[in-house]
2 protein chains.
Amino acid sequence: MSETAIQTYTRADEAFDCLQTAIVKGDLAPGEKIGEVELCSRFNLTRGPLREALGRLESRGLLVRRPHAGVKVVSVSADELIELYRIREVMEGLAARQAAERMTDEEIRDLLATLDTHEKMIEEAQGQAYYQAEGDYDFHHRIATGSRNTKLAQMLLGDLYYMVRMYRYRLSTSAGRPHMALGEHRRIVEAIAQRDGELAEFLMKRHINAARQNIEQKIQEGVLTI
Amino acid sequence: MSETAIQTYTRADEAFDCLQTAIVKGDLAPGEKIGEVELCSRFNLTRGPLREALGRLESRGLLVRRPHAGVKVVSVSADELIELYRIREVMEGLAARQAAERMTDEEIRDLLATLDTHEKMIEEAQGQAYYQAEGDYDFHHRIATGSRNTKLAQMLLGDLYYMVRMYRYRLSTSAGRPHMALGEHRRIVEAIAQRDGELAEFLMKRHINAARQNIEQKIQEGVLTI
DNA sequence: CTAGAGGTTATTGTCAACAATCCATAGACT
DNA sequence: AGTCTATGGATTGTTGACAATAACCTCTAG
């Protein structure tokens with residue numbers, strides 16, 4: 001993302017971004033079957049670039065496409081959401097460990113600074129789940145890139161986070177434990193600052209595990225219907 | 001992969017498969033800059049479906065595309081290959097654990113049967129690294145799908161394995177320890193058969209870790225130049 | 001002789017028309 | 001009345017031509 005600014009923003013890139021945010025934000029409901037011409041008029045595109053974008057989105061698993069039958073936004077069950085967190089647990093655990101070994105001192109300082117910002121944001125906008133979610137995303141984003149593991153960052157940022165965020169927007173909650181999460185974040189950063197990769201991995205895994213259990217519980221309570 | 005056979009095999013799918021195997025087999029060298037018309041004439045395609053396939057391959061990280069500058073096959077450094085194994089370690093560890101919890105008895109029987117087949121193949125074709133590699137791929141493939149974790153299987157089968165196989169073909173070795181690997185495979189399957197997820201995860205992680213160290217050593221010895 | 005600027009060319013990005021395929025509706029048969 | 005079949009319509013897949021952009025080569029100046 002922060003690699004090199006794309007000189008020319010091609011129409012296909014535009015289509016890709018538009019569709020991706022539309023899916024993530026829920027403007028395109030999951031399971032919704034949608035025509036190509038419909039999408040073209042909606043985003044002011046022609047079918048060429050659109051189809052290219054559709055191909056990319058399909059291979060990222062955000063939508064499915066049956067030949068001659070149209071595209072539909074992927075609809076993920078509650079079970080599959082849980083599975084997503086299981087994957088995050090091991091992958092972000094690895095990211096935290098490698099981040100502890102490889103982040104620069106400056107990156108760690110920045111990470112600490114963002115935590116302070118998040119804390120203020122939470123206090124100011126009490127209960128505004130949106131800010132909490134954004135801060136959470138920022139935190140995990142920095143650790144993923146800090147791992148210096150190109151493919152790992154690519155898989156986390158390009159695949160998993162978008163799917164998770166899709167649910168974040170839809171459920172708007174799933175957070176519900178802002179201060180607790182912040183404390184866990186702090187301890188992870190501490191471990192990274194001390195260059196203790198093993199501990200960072202352990203704490204990160206436990207952090208995501210807790211988030212998973214939180215969601216699981218809410219689903220069982222019937223608060224979250226998916 | 002074994003979901004539902006695609007009724008109509010679209011040209012874009014064809015292009016995607018052709019290009020993917022070409023990249024994996026090394027017919028398209030990494031770093032090689034290649035034009036679209038060149039590719040069209042090579043695979044008897046038109047540019048429309050080709051571009052769609054290129055988009056898919058780009059988002060899977062097999063090639064990079066600069067606007068107006070053409071596509072080039074991704075060239076991965078030795079370090080990045082090692083990183084790939086680090087990712088495999090945690091992800092396949094998870095896959096093994098979930099496979100132990102969820103595979104049907106029949107799937108486990110099949111898994112055992114394939115191991116026997118592999119053993120015979122190794123004995124027959126002494127040193128033929130190719131067969132060993134194929135058997136190894138089959139083993140990991142089965143466990144990934146056996147995890148019943150859709151996204152996990154998708155990421156392993158759709159992303160990681162293709163990149164690893166790309167190197168397998170190029171180096172043709174990287175195996176070099178056929179019998180040892182087979183023994184490790186057997187122990188993993190035993191753990192799965194006993195429904196011991198924790199042990200299966202541990203053994204799988206150690207298995208991939210050993211493979212990584214094997215490659216790392218060969219790179220240091222200068223046997224593998226990437 | 002080297003470095004930079006400008007034009008040319010080839011390659012990529014985009015578009016609109018054509019062909020192939022599936023879905024739905026209507027009709028006929030059991 | 002229900003179900004199967006066939007035809008029409010709409011939607012997707014494909015194609016080739018057109019426009020825009022960047023790379024390359026040449027020419028000039030220092």
Side-chain angles (χ1 to χ4, degrees), chain A residues 3-23 27-75, chain B residues 3-23 27-75:
Chain A
E3 307 256 62
T4 50
I6 310 162
Q7 299 100 333
T8 50
Y9 195 64
T10 171
R11 309 283 271 198
D13 291 326
E14 191 185 328
F16 181 73
D17 288 346
C18 283
L19 283 175
Q20 181 154 271
T21 58
I23 292 172
D27 295 342
L28 267 53
E32 188 179 347
K33 194 168 143 194
I34 196 159
E36 290 187 2
V37 285
E38 160 89 27
L39 288 172
C40 288
S41 60
R42 196 143 146 190
F43 296 107
N44 269 49
L45 294 161
T46 59
R47 285 183 55 215
L50 180 87
R51 283 181 62 81
E52 201 179 315
L54 289 178
R56 284 201 245 176
L57 289 172
E58 185 190 19
S59 102
R60 292 208 178 179
L62 281 173
L63 49 82
V64 290
R65 202 138 74 117
R66 275 219 334 252
H68 300 281
V71 303
K72 77 170 203 274
V73 180
V74 76
S75 61
Chain B
E3 307 257 59
T4 51
I6 311 161
Q7 299 103 332
T8 49
Y9 195 63
T10 172
R11 308 285 271 194
D13 291 326
E14 190 184 329
F16 182 74
D17 288 346
C18 282
L19 283 175
Q20 182 154 274
T21 58
I23 292 171
D27 296 341
L28 267 52
E32 187 179 348
K33 194 168 142 194
I34 196 159
E36 290 187 3
V37 284
E38 161 90 26
L39 288 172
C40 289
S41 59
R42 198 144 147 189
F43 296 106
N44 269 49
L45 294 162
T46 60
R47 285 184 54 217
L50 180 86
R51 284 181 62 79
E52 202 179 314
L54 289 178
R56 282 201 247 177
L57 288 174
E58 186 190 19
S59 101
R60 291 207 178 179
L62 281 172
L63 49 80
V64 290
R65 202 140 73 117
R66 276 223 328 257
H68 300 281
V71 303
K72 75 172 205 276
V73 180
V74 75
S75 62

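Lettering of chains follows the sequences in order, A, B, ..., and the numbering in each one begins at 1. Because the structure is predicted, anything quoted here is derived from the model rather than measured.
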Novice: Determine whether any donor atom in the side chain of A/Arg47 lies under 3.5 Å from an acceptor atom in the base of D/dG13, or the reverse, and answer yes or no.
Specialist: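 Result: at least one qualifying N/O pair found.
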Novice: C/dT14, OP1 or OP2 - any side-chain N/O from A/Thr10 closer than 4.0 Å?
Specialist: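 For C/dT14, OP1 or OP2 has a side-chain N or O of A/Thr10 closer than 4.0 Å.
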Novice: To the nearest angstrom, how far is A/Glu52 atom CD from C/dG13 atom P?
Specialist: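 Between P of C/dG13 and CD of A/Glu52: 7 Å.
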Novice: Would you mind telling me which residue lines up with the more 5' stretch of DNA chain D, B/Lys33 or B/Pro49, judged by nearest nucleotide?
Specialist: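 Going by which nucleotide is closer to the 5' end, it is B/Pro49.
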Novice: With a 4.5 Å cut-off on side-chain heavy atoms, are B/Asp13 and B/Arg56 touching?
Specialist: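 Side chain of B/Arg56 against side chain of B/Asp13, heavy atoms only: contact under 4.5 Å found.
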Novice: Between A/Thr46 and B/Val37, just flag the one whose closest nucleotide in DNA chain C comes earlier from the 5' side.
Specialist: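 Nearer the 5' end of the strand: B/Val37.
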Novice: What integer distance in Å separates B/Glu38:CD from C/dA10:C1'?
Specialist: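 Atom CD in B/Glu38 sits about 14 Å away from atom C1' in C/dA10.
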Novice: Rounding to an integer number of Å, can you tell me how far B/Phe43 CZ sits from D/dT15 C1'?
Specialist: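 Between C1' of D/dT15 and CZ of B/Phe43: 20 Å.
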Novice: Using a cut-off of 4.0 Å on non-hydrogen atoms, how would the nucleic acid contact of A/Gly35 be classed: base, sugar-phosphate, or nothing?
Specialist: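 Sugar-phosphate contact only.
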Novice: Can you tell me if the side-chain N/O atoms of A/Arg65 get under 4.0 Å from OP1 or OP2 in D/dG13?
Specialist: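 Indeed, a polar side-chain atom of A/Arg65 lies that close.
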Novice: A/Ile34 CD1 to D/dT11 C1': how many Å, rounded?
Specialist: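 After rounding, the gap between these two atoms is 14 Å.
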Novice: Hey, what do you get for CZ (B/Arg11) to CG (B/Asn44), rounding to the nearest 0.5 Å?
Specialist: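 Reported value, rounded in 0.5 Å steps: 8.0 Å.
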Novice: Closest nucleotide of DNA chain C for A/Arg11 versus for A/Ala69: which of these residues is on the 5' side?
Specialist: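 Result of the comparison: A/Arg11.
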Novice: Do B/Ile23 and B/Val74 have side-chain heavy atoms sitting under 4.5 Å apart?
Specialist: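 Contact flag for B/Ile23/B/Val74 side chains = no.
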Novice: Quick check for you: among D/dA23, D/dT12, D/dA22, whose closest atom lies nearest to any side-chain atom of A/Glu36?
Specialist: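 So the side chain of A/Glu36 is nearest to D/dT12.
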Novice: To the nearest Å, how far apart are A/Leu50 CG and C/dC15 P?
Specialist: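 That distance rounds to 11 Å.
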Novice: Given atom NE2 of B/His68 and atom C1' of D/dC18, what is their separation to the nearest angstrom?
Specialist: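 Taking atom C1' of D/dC18 as the reference, NE2 of B/His68 is at 14 Å.
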Novice: Using atom CZ of B/Arg66 as one end and atom C1' of D/dT21 as the other, report the distance to the nearest whole Å.
Specialist: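 Nearest whole value for this atom pair: 13 Å.
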Novice: Does the side chain of B/Leu28 come within less than 4.5 Å of B/Leu63's, by heavy atoms?
Specialist: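 Side chain of B/Leu63 against side chain of B/Leu28, heavy atoms only: no contact under 4.5 Å found.
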Novice: In whole angstrom, give the distance that lies between atom CG of B/Leu39 and atom C1' of C/dA10.
Specialist: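 These atoms are roughly 16 Å apart.
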Novice: Is there side-chain contact between A/Glu52 and A/Thr10, with heavy atoms separated by less than 4.5 Å?
Specialist: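 A/Glu52 does not reach A/Thr10 side chain to side chain.
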Novice: Under 4.0 Å: is that the gap between some side-chain N or O of B/Arg51 and OP1 or OP2 of C/dT12?
Specialist: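 So the side chain of B/Arg51 is outside the cut-off, no N or O lying under 4.0 Å from OP1 or OP2 of C/dT12.
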